[in-house]
Amino acid sequence: MAVHFHEEDLPAGVLAEGPVAVDTEAMGLHPGRDRLCLVQISDGRGDEHLVRFGPDSRFDAPNLKAVLGDPHRLKLYHFARFDLAVMRAYLGVMAEPVYCTKTASRLVRTYTDRHGLKELVKELLGVDVSKQQQSSDWGAPELSDAQKDYAASDVRYLHQLKEKLDERLTREGRWPLAQACFDFLPHRAMLDLAGWPEVDIFAHV
Ligand code: MN
C-alpha cells in the first residue's frame with residue numbers, strides 16, 4: 001500500500017482491470033474558473049496514484065485520459081458532479097460511466113443529512129479520516145506530505161463504500177433511481193459548465 005506521485009500524466013499500466021476511484025483537487029470549487037491541480041486515482045487494490053498538473057500545464061495526459069475515457073471502466077466518485085465538470089473543462093474528457101457515493105448515500109441514508117465522505121467512511125466502514133487539508137493550496141510548487149496523504153485518502157475508501165452502498169440500494173429497492181441519477185451526472189456537469197450551476201432545471205419556479 002503506497003501513494004505514488006506523478007507529474008502531468010499517469011504512467012502506463014499501473015492500474016489493474018475494473019472500476020477505478022477518482023477524485024480531483026483544484027484551486028477552488030468553480031470548475032470553469034479554478035484550475036485543475038491534481039487527479040487522484042486508485043484501482044482499489046491498496047495503491048493510490050496522484051497526477052499533478054502545473055500552472056502552465058497543457059493537460060496533455062494520454063494515459064490518464066485513456067483510463068478516464070474508457071467506456072468499459074466504471075469510475076467511482078464522491079460528489080461526481082464537480083470532478084466530472086473540472087476534468088471535462090481541463091482534460092476534455094467526460095469520465096463516465098459514473099458511480100457516485102454521495103448520490104447513493106442520499107438515496108439510502110434518508111435518516112441523516114450528513115453525506116460528507118468523512119461521515120460516510122466513519123458510519124459504513126468504521127474508519128476515521130482527516131479532512132484537515134481539504135482547503136489548502138493545491139497549486140503550490142511542492143505539495144506537503146499531509147496534502148498528498150489527504151488527497152490519496154479521498155480515493156482510498158470508495159471501492160469499499162460502493163460495496164456497502166450497493167447492499168443498501170438493493171435492500172431499499174433504489175437501484176433504478178440510483179442508476180438513472182448516475183447516468184444523468186455527466187449532463188448535470190455539462191449544465192454547470194454551460195452556465196446553470198445553481199439552477200434546478202426541473203424546478204417549477
Ligand atoms: Mn478530494
Side-chain angles (χ1 to χ4, degrees), residues 15-26 29 31 39-46 48 64 67-89 91 93-129 131 134 151-194 196-204:
L15 299 172
E17 296 290 301
V20 282
V22 180
D23 186 40
T24 61
E25 306 301 335
L29 295 175
V39 176
Q40 307 99 282
I41 191 161
S42 170
D43 60 16
R45 265 74 165 181
E48 294 90 27
L64 178 63
V67 174
L68 294 175
D70 182 349
H72 303 294
R73 210 195 259 273
L74 184 64
K75 264 68 75 173
L76 319 180
Y77 304 90
H78 186 75
F79 198 57
R81 180 176 170 180
F82 176 79
D83 301 309
L84 290 172
V86 75
M87 289 193 292
R88 178 66 174 67
L91 295 167
V93 55
M94 185 53 80
E96 53 190 342
V98 170
Y99 185 103
C100 180
T101 54
K102 186 165 210 158
T103 304
S105 176
R106 284 191 195 281
L107 287 170
V108 295
R109 293 173 66 253
T110 37
Y111 47 83
T112 180
D113 58 1
R114 296 170 68 87
H115 300 287
L117 183 61
K118 184 179 169 63
E119 285 76 33
L120 213 47
V121 169
K122 179 70 187 158
E123 182 187 308
L124 298 182
L125 305 177
V127 176
D128 269 310
V129 289
K131 293 299 274 185
Q134 185 165 34
S153 75
D154 270 356
V155 289
R156 188 168 294 149
Y157 301 102
L158 298 186
H159 289 78
Q160 288 168 261
L161 282 181
K162 177 182 184 296
E163 271 185 44
K164 299 284 185 189
L165 289 164
D166 283 355
E167 289 169 16
R168 302 275 191 108
L169 286 168
T170 299
R171 189 185 82 193
E172 300 303 325
R174 296 259 161 86
W175 256 114
L177 260 183
Q179 192 58 58
C181 292
F182 298 156
D183 292 344
F184 182 67
L185 273 162
H187 306 289
R188 181 60 262 191
M190 289 306 285
L191 285 165
D192 288 343
L193 291 174
W196 286 272
E198 297 306 327
V199 178
D200 173 3
I201 52 150
F202 302 115
H204 182 204

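Hydrogens, waters and symmetry mates play no part in the numbers below; they use all other heavy atoms, side chains included.
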Do [X] and [Y] have side chains that get closer than 4.5 Å, going by heavy atoms?
{"X": "Lys102", "Y": "Arg81", "value": "no"}
{"X": "Leu165", "Y": "Leu107", "value": "no"}
{"X": "Val67", "Y": "Ile41", "value": "yes"}
{"X": "Val127", "Y": "Gln160", "value": "no"}
{"X": "Tyr157", "Y": "His159", "value": "no"}
{"X": "Gln40", "Y": "Glu25", "value": "yes"}

What are the two closest heavy atoms between [X] and [Y], and how far apart are they?
{"X": "Cys181", "Y": "Thr103", "value": "CB-CG2, 3.8 Å"}
{"X": "Arg73", "Y": "Pro97", "value": "O-CD, 3.6 Å"}
{"X": "Ala89", "Y": "Leu193", "value": "CB-CD2, 4.1 Å"}
{"X": "Leu120", "Y": "Thr101", "value": "CD2-O, 3.7 Å"}
{"X": "Arg114", "Y": "Glu119", "value": "NH2-OE2, 3.1 Å"}
{"X": "Leu169", "Y": "Ala104", "value": "CD1-CB, 4.2 Å"}

First locate atom [atom1] of [X], then atom [atom2] of [Y], and finally report the distance between them rounded to the nearest 0.5 Å.
{"X": "Cys100", "Y": "His115", "atom1": "SG", "atom2": "NE2", "value": "11.5 Å"}
{"X": "Tyr77", "Y": "Leu117", "atom1": "OH", "atom2": "CG", "value": "15.0 Å"}
{"X": "Met87", "Y": "Leu64", "atom1": "CE", "atom2": "CG", "value": "8.0 Å"}

Over 60° means perpendicular and under 30° means parallel, so classify the ring planes of Phe182 and Tyr99, tilted if in between.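 The arrangement is tilted - the two ring planes meet at 30° to 60°.
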Test side chain to side chain contact (heavy atoms under 4.5 Å, CB included) on Leu161 and Leu76 and set out the steps. CA-CA 10 Å; Leu161 282 181; Leu76 319 180; over 6 Å; no
Side chain of [X], backbone of [Y]: donor and acceptor closer than 3.5 Å?
{"X": "Lys75", "Y": "Glu96", "result": "yes"}
{"X": "Lys118", "Y": "Val129", "result": "yes"}
{"X": "Asp43", "Y": "Leu15", "result": "no"}

Is it true that, when you exclude Leu125 itself, more than 12 heavy atoms of the residues, nucleotides or ligands shown sit nearer than 6.0 Å to its CG?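 Counting neighbours around CG of Leu125, more than 12 heavy atoms of other residues, nucleotides or ligands fall under 6.0 Å, so yes.
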Atom CH2 of residue position Trp175 - does it have more than 12 heavy atoms of other residues, nucleotides or ligands inside 6.0 Å?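 Yes - once you tally the heavy atoms of other residues, nucleotides and ligands closer than 6.0 Å, there are more than 12.
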Step by step, would you call Asp23 with His78 a side chain to side chain contact (heavy atoms under 4.5 Å, CB included)? CA-CA 7 Å; Asp23 186 40; His78 186 75; over 6 Å; no
Qualifying salt bridge (Lys or Arg N to Asp or Glu O under 4.0 Å) pairs with a residue from residues 169-190, counting only residues at least two apart or across chains: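 Those involving residues 169-190 are Arg188-Asp192.
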Name all residues meeting the side-chain hydrogen bond (donor to acceptor under 3.5 Å, both in side chains) criterion together with Lys162; count only those two or more places apart in sequence or in a different chain, and write none if there are none. Asp166
